[in-house]
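Report on the following structure.
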Amino acid sequence: MTDEEFRMSEDAALETTLETPLSERVEAILLVVDEPIALVALAAAVHAPVPAVRQTLETLVDDYDGRGTGPRRGFELREVGGGWRLYVREDHDDLVADFIGGQAPARLSQAALETLAVIAYKQPVTRGQVASIRAVNVDSVVRTLLARGLITELFADSETGAINYGTTDQLLQHLGINSIDELPPISPLLDDGADGFDEGVTR
Amino acid sequence: MTDEEFRMSEDAALETTLETPLSERVEAILLVVDEPIALVALAAAVHAPVPAVRQTLETLVDDYDGRGTGPRRGFELREVGGGWRLYVREDHDDLVADFIGGQAPARLSQAALETLAVIAYKQPVTRGQVASIRAVNVDSVVRTLLARGLITELFADSETGAINYGTTDQLLQHLGINSIDELPPISPLLDDGADGFDEGVTR
Amino acid sequence: MAPSPEDTSTGLAAQDADAPGFRVSLSNFDGPFDLLLNLISKHELDITEVSLSKVTNEFISYLRDLDGPDELDQASEFLVVAATLLDMKVAGLLPQGELVDAESVALLEARDLLFARLLQYRAFKEVSAWFARCLQREDRRHVRAAPLDEKHRKKTPELVWSLSVDDFAALALLAFAPKEIPSVGLDHLHAPLVSIREQAAVVVTLLRSTDSLTFRELVSGVSEPGIVVARFISVLELYRHAALSFEQLEPLGELTLRWSAENWSDEQLATLGADYDR
């Protein structure tokens with residue numbers, strides 16, 4: 001369906017909204033989403049081509065940060081966990097926390113953090129593989145991470161039936177990053193234990 | 001970090017936020033309120049005198065409507081029922097309705113159904129309590145159930161202010177029963193739940 | 001906002017003598033446990049010179065003064081590291097000789113692999129600090145998450161409901177059940193269990209039907225190692241009950257078995273090999 005046909009098939013009200021600036025439409029959708037919205041989904045929601053929406057998002061980021069014509073905003077636009085979402089500007093998080101009075105979130109144990117790190121870097125990875133790196137049984141820790149939605153079962157190994165785990169978009173959101181590529185680089189050791197080893201000891 | 005140090009750093013952070021423009025602080029709070037917030041409550045939240053906050057709200061209304069230095073926004077600030085809240089600008093209501101209509105599935109997800117079951121059997125129950133039984137964050141699912149009219153806010157806990165939820169007549173109708181007492185008993189598990197529960201809350 | 005790699009390395013470098021956590025005090029080393037590892041992994045301290053028992057003793061007394069989850073974390077970390085250290089130490093202490101024979105090469109490789117494992121473990125442990133920092137920072141962030149206002153709520157498609165009240169109760173059971181992750185059965189990796197009692201019954205029958213029998217004859221035609229082992233254990237058990245005698249002329253030679261029970265009742269089979277029950 002072309003834009004023309006599309007517009008004709010919709011009612012007059014939608015036509016009115018499509019005559020408004022793209023930035024307004026993007027803001028309207030961002031105000032109601034309850035999880036990060038991917039660029040493509042956002043473009044579909046505002047009936048605009050992806051490049052134009054990407055451009056608009058960049059403009060809004062600058063705008064909210066005070067690099068546009070208006071003042072800096074108390075909120076900001078972030079790309080986190082594979083999508084875009086409005087956040088309270090970091091400077092005001094304490095003020096908002098004070099207002100909401102939220103409870104302190106349960107911290108992950110050191111064992112859980114290390115297991116999470118192994119899974120993040122080695123995914124897809126089985127529990128057995130994680131255990132051999134951590135040199136301890138990781139079953140209960142994996143259960144915790146699954147229950148918190150930080151990791152997920154990806155697929156079962158076709159030969160052994162062992163379940164392979166990977167990280168979720170929710171983990172990315174919790175880390176405040178947009179993709180697993182944004183994890184800090186870790187020693188080349190991890191690519192191949194045997195090869196990297198020489199570097200490791202002689203360094 | 002000791003409690004003392006933590007409090008000091010928290011105070012320092014709060015001081016930093018209080019050096020930022022009042023409009024930013026107001027925007028930060030407006031972004032997270034669940035329902036319209038009264039002027040006095042807003043003033044308390046941003047640690048500023050009522051007249052200054054009223055002034056700021058007026059400026060923001062103008063600003064969002066495009067009468068300030070920046071462009072018109074896709075959202076607007078309105079005073080409704082004695083409180084202030086951000087709304088999608090009316091021009092975009094159809095766009096948003098379209099998006100929501102395409103977004104919300106006609107069926108509840110497994111996660112939503114399980115959360116609903118927990119609320120049905122444990123009511124009145126707070127979000128935190130449900131989360132600790134389900135071992136996951138249930139905020140967005142609870143919002144969905146509220147929006148669907150399957151649960152409702154019953155009352156706020158007198159001490160913590162946490163909202164207690166219960167099920168609605170609409171759920172009873174769906175289930176074809178007259179009262180929540182007609183739910184089949186699952187008591188042995190519920191007792192276990194209650195035990196784990198206290199831990200969950202105090203943690 | 002991806003942190004730069006430097007972020008991670010500063011975290012790692014913060015291993016000065018004042019670092020909190022477990023410290024070891026040895027004749028040749030005094031400092032945090034982590035630093036000990038660091039030195040060993042860089043070959044600046046010979047693993048063979050570290051007294052692991054002393055480290056362990058100090059660690060246990062250190063744990064006594066700790067409370068709360070920190071203790072558990074530190075204890076589990078200690079176990080991981082101590083196990084690796086122990087492996088390294090074993091490899092380091094074993095004589096390696098002057099000659100480069102296949103065995104000592106294998107030994108060196110084993111030690112190298114253990115170093116690699118230790119370094120890998122350390123890498124993950126270090127990067128987990130980055131995870132902790134990010135999670136903590138992001139925990140403090142607030143995202144726009146407000147309920148839809150009334151007029152938009154009405155636009156949501158009507159709910160399709162298909163659960164009966166019993167379905168709903170079943171769902172509640174599921175929701176309240178403690179969360180378990182499915183585990184993969186390993187049964188198929190193990191040989192099927194062999195009953196010592198059943199095999200003992202076979203042994204008894206065979207022995208009573210003839211004058212004497214060699215063990216080789218007793219297991220002839222049996223291909224499963226488990227059954228051979230079970231028959232051998234049965235023989236030992238029956239010997240304990242003085243139900244048979246055996247004769248072996250030379251070490252590792254032929255084992256000849258002879259039924260010698262005076263009062264045998266097959267009911268005795270019922271308790272035979274109970275020591276091997278799980």
Side-chain angles (χ1 to χ4, degrees), chain A residues 30-34 75 78 80 85-88 90 92-94 96-97 100 104-105 107-111 113-114 116-118 120-121 133-136 139 142-143 146-147 153 156 160-163 173-177 181-187 189-190 193-194 196-198 200-201 203, chain C residues 1-5 7-9 41-43 69-70 72-74 76-77 79-81 83-84 109 112-113 115-132 134-149 152 179-185 188-189:
Chain A
L30 286 173
L31 198 74
V32 298
V33 293
D34 60 4
F75 42 82
R78 296 174 73 199
V80 164
R85 213 169 167 192
L86 290 172
Y87 275 78
V88 168
E90 197 163 10
H92 307 295
D93 275 327
D94 290 294
V96 172
I100 295 181
R107 293 264 165 82
L108 289 178
S109 68
Q110 181 63 26
L113 285 170
E114 286 171 22
L116 189 58
V118 172
Y121 281 93
I133 291 168
R134 295 256 308 121
V136 289
D139 289 2
V142 164
R143 227 185 334 260
L146 272 175
E153 296 177 357
T160 65
I163 295 166
Q173 287 176 44
H174 283 299
L175 290 173
I177 61 177
D181 300 336
E182 291 175 33
L183 291 178
I186 191 164
S187 127
L189 260 182
L190 302 179
F197 161 73
D198 290 335
V201 255
R203 103 189 129 156
Chain C
M1 33 193 297
S4 58
D7 267 6
T8 332
S9 46
S41 68
K42 287 180 179 168
H43 289 255
D70 277 357
L72 208 64
D73 275 348
Q74 291 219 23
S76 76
E77 184 182 312
L79 286 178
V80 172
V81 173
T84 311
E109 277 175 0
D112 288 354
L113 276 174
F115 273 126
R117 206 173 95 195
L118 186 64
L119 289 171
Q120 177 175 255
Y121 171 70
R122 282 174 52 79
F124 280 119
K125 182 168 133 47
E126 284 156 3
V127 83
S128 75
W130 180 85
F131 277 74
C134 287
L135 290 171
Q136 200 178 339
R137 187 192 60 216
E138 212 55 29
D139 264 348
R140 298 162 48 80
R141 299 304 309 265
H142 294 91
V143 72
R144 162 74 180 173
L148 288 174
D149 60 288
H152 289 131
K179 307 290 175 286
E180 281 290 337
I181 47 172
S183 61
V184 180
H188 60 286
L189 298 179

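Labels below follow one simple rule: chain letters A, B, ... track the order of the sequence lines, proteins then strands, and each chain is numbered from 1.
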ring-ring contact (aromatic ring centres under 6.0 Å, His included) against A:Phe75, all qualifying residues, sequence neighbours excluded: A:Tyr64, B:Phe75
Non-hydrogen atoms of C:Phe124 and A:Ala117 that approach each other most closely: CE2-O, 3.8 Å
Residue among A:Leu31, A:Val32, A:Asp34, A:Leu116 with most heavy-atom pairs under 4.5 Å to chain C: A:Leu31
Any side-chain heavy-atom pair of A:Asp94 and C:Arg140 under 4.5 Å: yes
Residue pair A:Ala97 / C:His142: nearest heavy atoms and the distance that separates them: N-CE1, 3.5 Å
Min side-chain heavy-atom separation C:Val127-A:Leu183 under 4.5 Å: no
Donor-acceptor pair, side chain of A:Arg85 and main chain of C:Arg144, under 3.5 angstrom: yes
C:Arg141 (side chain) donor-acceptor with A:Asp93 (main chain) under 3.5 angstrom: no
Where A:Gln110 and C:Ser128 come nearest, the two heavy atoms and their spacing: NE2-OG, 3.1 Å
Partner set under side-chain hydrogen bond (donor to acceptor under 3.5 Å, both in side chains) for A:His174, not counting sequence neighbours: none
Toward chain C, the part of A:Ala156 with a non-hydrogen atom under 4.5 Å: neither
Test side-chain contact (heavy atoms from CB on, under 4.5 Å) applied to C:Leu135 and A:Leu175, step by step: CA-CA 5 Å; C:Leu135 290 171; A:Leu175 290 173; 3.8 Å; yes
